[in-house]
Amino acid sequence: MLLLLLAWLVALSLGWNNTVVLKERVYFQIMQISSFYNHSWAENWFSSWLGELQIDRWDSELNTLVFLQSWSRDSLSHKELVDMQTSLHAHFIRFTEETQTFAHKLQLEYPFVLQVASGCELHSGEASVGFVREAYQGIDFLSLENNSWLPSPQGGSRAQQTCQLLNSYEGLKERIHWLLSDACPHFTLRLLDAGKEYLQRQEKPEAWLSNGPSPGPGRLLLVCRVSGFYPKPVWVTWMRDNWEQPGTEQSDVLPNADGTWYLRVTLEVTAGETDGLSCQVKHSSLGDQDMILRWEHHSSVGFIILAVIPLLALLTGLAFWSKKRW
Ligand SMILES: *[C@@H]1O[C@H](CO)[C@@H](O)[C@H](O)[C@H]1NC(C)=O
């Protein structure tokens, strides 16, 4: 029942001729979130992802795919797109109907949310690995392991019963096996090929220094922000005279809205012990030319601004006052 999800991939089983050479592992997945409010009302959200890059989402008002990357749209013929949208639309209708039909038998209690992630992971020179994972009410429910449905321990008897039901559909298992091990990797390679210019681009980071909120009396939090770089791998740290500072703390590498990445690296120091400190950035777009930002420079600029602002305020005040007087 829950598995027609992959049906749309079938639409893409034509004309593969790929020239992509995989350098690292890459995965493609589709995600579906379905909220069932009562036995007659449900909503579906759907999106596809190439690694961490969102490719598209489903518009359930218009029953069309909205592409977030123009190259992925351009890689499909008009017929392929229409077929894909038709099978997705049919899938959502059947998925909703069948889940509603089995909800009572499988003890699914309204309101409930199902989340399904499925796709394949490709490694260079290795067979691709397909996966399907499903969650019920935000908790792991079941997954596909070695071509059979396995209940998650957290899923309880509900998950066991669902897996029993799913495992009885032999034809479905075969179809999913084909989709995950054959159609999905081919489709992924095709996407990688269509998007290679975009996916292999290099964008240089910008970096700047600032003071964070004071961690305590006599202490400073030095903040180095690095943003706008692509691809994601980056190395940023606080250095003192060529020595990496052990107290450096890194945020996660977070996405910007334009598809580039952002990172914040901090160091807590004693005020007055900032001599020789710098933030160093290594990134593929910079080649061997590391970006180095020295704290002294920053703090003197900060000092000048701090000194100038009150002066400006004073002068403005004086000018205003003398104008009034005259
Ligand atoms: C189902 O839920 C929807 C949305 O909350 C509501 O408008 C509708 O009246 C409900 N139907 C039934 C039969 O409870």
Side-chain angles (χ1 to χ4, degrees), residues 1-11 28-50 52-69 72-73 76 81-119 131-144 149-169 171-173 175-176 179-180 184 254-255 257:
M1 56 184 256
L2 308 172
L3 317 157
L4 301 156
L5 186 55
L6 292 168
W8 64 283
L9 274 175
V10 184
F28 173 78
Q29 68 176 334
I30 54 183
M31 292 209 241
Q32 182 183 334
I33 304 173
S34 299
S35 291
F36 292 85
Y37 303 110
N38 55 42
H39 66 266
S40 59
W41 182 257
E43 277 185 296
N44 294 298
W45 288 268
F46 173 91
S47 56
S48 323
W49 299 74
L50 185 61
E52 291 173 303
L53 180 70
Q54 187 176 356
I55 301 293
D56 60 27
R57 65 176 174 82
W58 180 249
D59 183 326
S60 54
E61 306 260 304
L62 300 174
N63 293 317
T64 54
L65 279 168
V66 178
F67 286 86
L68 283 81
Q69 311 296 334
S72 64
R73 166 67 190 82
L76 297 171
L81 180 61
V82 170
D83 287 353
M84 216 156 130
Q85 293 182 155
T86 309
S87 48
L88 262 178
H89 185 209
H91 157 68
F92 291 129
I93 293 172
R94 286 197 58 185
F95 176 82
T96 308
E97 275 176 9
E98 293 191 28
T99 306
Q100 301 279 35
T101 307
F102 283 99
H104 182 67
K105 188 174 175 217
L106 298 173
Q107 310 154 45
L108 307 176
E109 287 155 20
Y110 294 104
F112 61 88
V113 181
L114 298 176
Q115 291 159 287
V116 190
S118 59
F131 60 88
V132 181
R133 286 189 285 270
E134 186 175 331
Y136 169 74
Q137 305 294 44
I139 295 166
D140 282 347
F141 192 58
L142 56 83
S143 61
L144 190 68
W149 298 100
L150 198 71
S152 303
Q154 304 95 309
S157 62
R158 205 183 266 131
Q160 285 169 9
Q161 261 184 295
T162 309
C163 288
Q164 231 168 31
L165 179 71
L166 291 176
N167 280 322
S168 67
Y169 295 121
L172 194 61
K173 275 198 273 186
R175 187 169 174 74
I176 288 181
L179 283 167
L180 293 179
C184 181
L254 302 169

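Index from 1, following the sequence. Both counts, for ligands and for their atoms, begin at 1 and track the order of listing. What you see below is based on every heavy atom in this structure, not just the backbone, and it leaves out hydrogens, waters and symmetry mates. No experiment lies behind these values; they were computed from the predicted model shown.
Distances from atom 9 (O) of ligand 1 to the protein include no heavy-atom value under 4.0 Å.
Between S47 and W45, the side chains place no donor N or O within less than 3.5 Å of an acceptor N or O (distance only, hydrogens not considered). With hydrogens and angles left out, the side-chain atoms of Q100 and Y110 include a donor and acceptor closer than 3.5 Å.
A pairwise comparison of heavy atoms in L68 and D56 identifies CD1-CA, 3.6 Å as the closest pair.
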| task | Give the C-alpha distance, both sets of side-chain angles, the deciding distance and a yes or no for side-chain contact (heavy atoms from CB on, under 4.5 Å) between S60 and F92. | result | CA-CA 9 Å; S60 54; F92 291 129; over 6 Å; no

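Evaluated by nearest non-hydrogen atom to atom 4 (C) of ligand 1, the leading choice among F36, Y110, W41 is W41.
Considering only non-hydrogen protein atoms, atom 13 (C) of ligand 1 sits nearest to S40 OG, 3.8 Å. Distance from atom 14 (O) of ligand 1 to its nearest protein heavy atom, with residue and atom name: N38 ND2, 3.3 Å.
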